[in-house]
Amino acid sequence: MGSIKLKTKIVNDKYTEYVYEAFDIQNKEETEVEILYNLSEAKSFDWNIGVILGGSGTGKTTILKKMGDVKKVNFDSNKSLISNFDWLEPKDAALVLTSMGLSSVPTWLRPFHVLSNGEQYRATLAYLVSSANDDEVVLVDEYTSVVDRDVAKAMSFALQKYIRKTNKRIILASCHYDILEWLMPDWTCSPQKGGVLERGECLRQGRPQIKLQVSRVEPDTWNFFKKHHYLTEDCSKSCNFFLFSWNDKPIGINAVIPQPSGHFKNGVRESRIVVLPDYQGLGLGTTMSNFTAAIYKNNGYRYFTKTVHPAIGVYRNNNKDIWRGTSKNGKSPKAQNAMGGMSGWNVLVRTSYCHEYIGEEISGYEELLKPIKQMREAKKLTLF
């Protein structure tokens, strides 16, 4: 069992004398705090994530500092966020930000100081873990203390996925117990429980279920989400807009537009899909897309998508039982132009991921697809 004793000399004055007299304090020379911890067992098994838990003043920060250097990150405010990851290739920098749940492309182009608390925290974590050497243990103090609790859960799940995927190691000090089932740590240690290391098998059962609520909303709701989309902020008002919420908080939107075609009837296309930055990293974007496609298919529609976002595109490529690539899948507009499929002025070379939904249908949501005029008359449309 390790022990850290913190002794501090008392500088006496009339205020300390008042305390001595009022509370019968015997030692008037120094204060002493003993913090117990035992992390030696962590050397006996492989692990990726450890958490030091405890309330304020219990010594968790002291224990963390005993483990090594708690690094600080200073971002260059004159650079875009992604440019601060300059030891990585641009593609790898984008990948690490996405992996940490910071997949909002416009956010990558903004300097660190204008980001929200949640975005700054994710960016800092991305920097710390991606810059760490393979044999280095990343140490993070006051984990999630400055963010909303639902944001903390989303952030924790994204972090643990990245840490385990890259086989890195991290120790987090936190006073919040609500993150444990989202982090799924390999071990925890609490000074309040005698500093004994406890294995985390009971927490390794997968993240808790997230229940989303969906509603049809007016086109102007898009204004709340548009700055987070990687394409133009414009979105046709001909779309049907579906708002998704978690614990009564708006987290994302999906805009679906009719797709006229001479080849088939009842075609629709996913025009815009956005998950707010605070809730990225949980796979909610693909869940929203799959759900919307399923209710359209149940109502006799064919549901198509086109994106240049690699995370979404690769997901659909890998899930062939849900999404079928079209003839344009994996091709760039430039390549399509060479085949006669694009006008001559378009010379973009970004890869497009193009798919049709072929997964299961979901019934019971027919009302969400009613004509907008009918929805307005029944007062079923709202601005959240």
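Numbering starts at 1 and runs along the sequence shown. Any value given below was found using the heavy atoms of this structure, including those in side chains, with hydrogens, waters and symmetry copies removed. If you're wondering where the values come from, they're calculated on a predicted model, not measured in any experiment.
- Asn133 places no side-chain N or O within 3.5 Å of a backbone atom of Asp135 that could act as its donor or acceptor partner.
- Looking only at side-chain heavy atoms (C-beta outward), Asp148 and Lys249 come within less than 4.5 Å of each other.
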Between Tyr357 and Tyr296, is a ring-ring contact (aromatic ring centres under 6.0 Å, His included) present by the stated rule, with each step listed?
CA-CA 10 Å; Tyr357 180 80; Tyr296 267 100; over 10 Å; no
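- Between Lys320 and Ile358, every side-chain heavy-atom pair lies at or beyond the 4.5 Å cut-off.
- The pair Lys237-Asp220 meets the salt-bridge criterion, since a charged nitrogen lies less than 4.0 angstrom from a carboxylate oxygen.
- Using a 4.5 Å cut-off on side-chain heavy atoms (C-beta onward), Leu212 and Leu284 make contact.
- Salt-bridge annotation for Asp186 and Arg169: absent, with no side-chain N of the basic residue lying under 4.0 Å from a carboxylate O of the acidic one.
- Between Phe75 and Tyr127 the shortest side-chain heavy-atom distance falls below 4.5 Å.
- Using a 4.0 Å cut-off between charged nitrogen and carboxylate oxygen, Arg376 and Glu218 count as a salt-bridge pair.
- Contact of the Ile251 side chain with the Met288 side chain is registered, since non-hydrogen atoms from C-beta on lie closer than 4.5 Å.
- Tyr353 and Ile312 sit in two unconnected hydrophobic clusters of ILVMFWY residues. Membership requires side-chain heavy atoms under 4.5 Å apart, directly or through other members.
- Across Lys28 and Asn12, no two heavy atoms sit closer than the pair O-ND2, 3.1 Å.
- Partner of Glu356 under the salt bridge (charged side-chain N to carboxylate O under 4.0 Å, His left out) criterion, chosen from Lys306, Lys297, Arg324: Arg324.
- Judged by distance alone, with hydrogens and angles left aside, the side-chain atoms of Lys60 form a donor-acceptor pair with the main-chain N or O of Gly54 at under 3.5 Å.
- Listed for the Asp13 side chain is a donor-acceptor partner under 3.5 Å among the backbone atoms of Thr16.
- A donor-acceptor distance shorter than 3.5 angstrom exists from the side chain of Glu119 to the backbone of Ser116, with no hydrogens or angles considered.
- Under the 3.5 Å distance criterion, the side-chain polar atoms of Glu366 are matched with a main-chain donor or acceptor of Gly364.
- A salt bridge links Lys79 to Asp86: at least one charged side-chain nitrogen sits closer than 4.0 Å to a carboxylate oxygen.
- When atom types are taken as modelled, the side chain of Arg272 and the backbone of Asp234 share a donor-acceptor pair closer than 3.5 angstrom.
- Remark: the Thr292 side chain and the Glu270 side chain contain no N/O donor-acceptor pair separated by less than 3.5 Å.
- Interatomic distance, Leu53 CG to Ser174 OG, rounded to the nearest 0.5 Å: 6.5 Å.
- Considering Leu39, Val51, Val196, Ile171 in turn, Leu39 is the only one that fulfils the side chain to side chain contact (heavy atoms under 4.5 Å, CB included) rule with Cys189.
- Side-chain N or O atoms of Gln259 include none that pairs as donor or acceptor with a backbone N or O of Ile257 at under 3.5 Å.
- Of the options Asn317, Asn319, Thr307, Thr326, a side chain to side chain donor-acceptor pair (under 3.5 Å) to His355 is made by Asn317 and by none of the others.
- One N or O on the side chain of Arg149 and one on the backbone of Thr144 form a donor-acceptor pair closer than 3.5 Å.
- The aromatic rings of Phe241 and Trp222 sit tilted, their planes meeting at an angle between 30° and 60°.
- Looking only at distances, no side-chain donor or acceptor of Glu360 sits under 3.5 Å from a matching main-chain atom of Ala294.
- Atoms CG and CH2, on Leu81 and Trp108 in that order, are 9.5 Å from each other to the nearest 0.5 Å.
- For Tyr143 and Ser156, the side-chain atoms include at least one donor-acceptor pair closer than 3.5 Å.
- Side-chain N or O atoms of Trp246 include none that pairs as donor or acceptor with a backbone N or O of Gly252 at under 3.5 Å.
- Taking every heavy atom of both residues into account, Gln280 and Val275 meet most closely at NE2-O, 2.8 Å.
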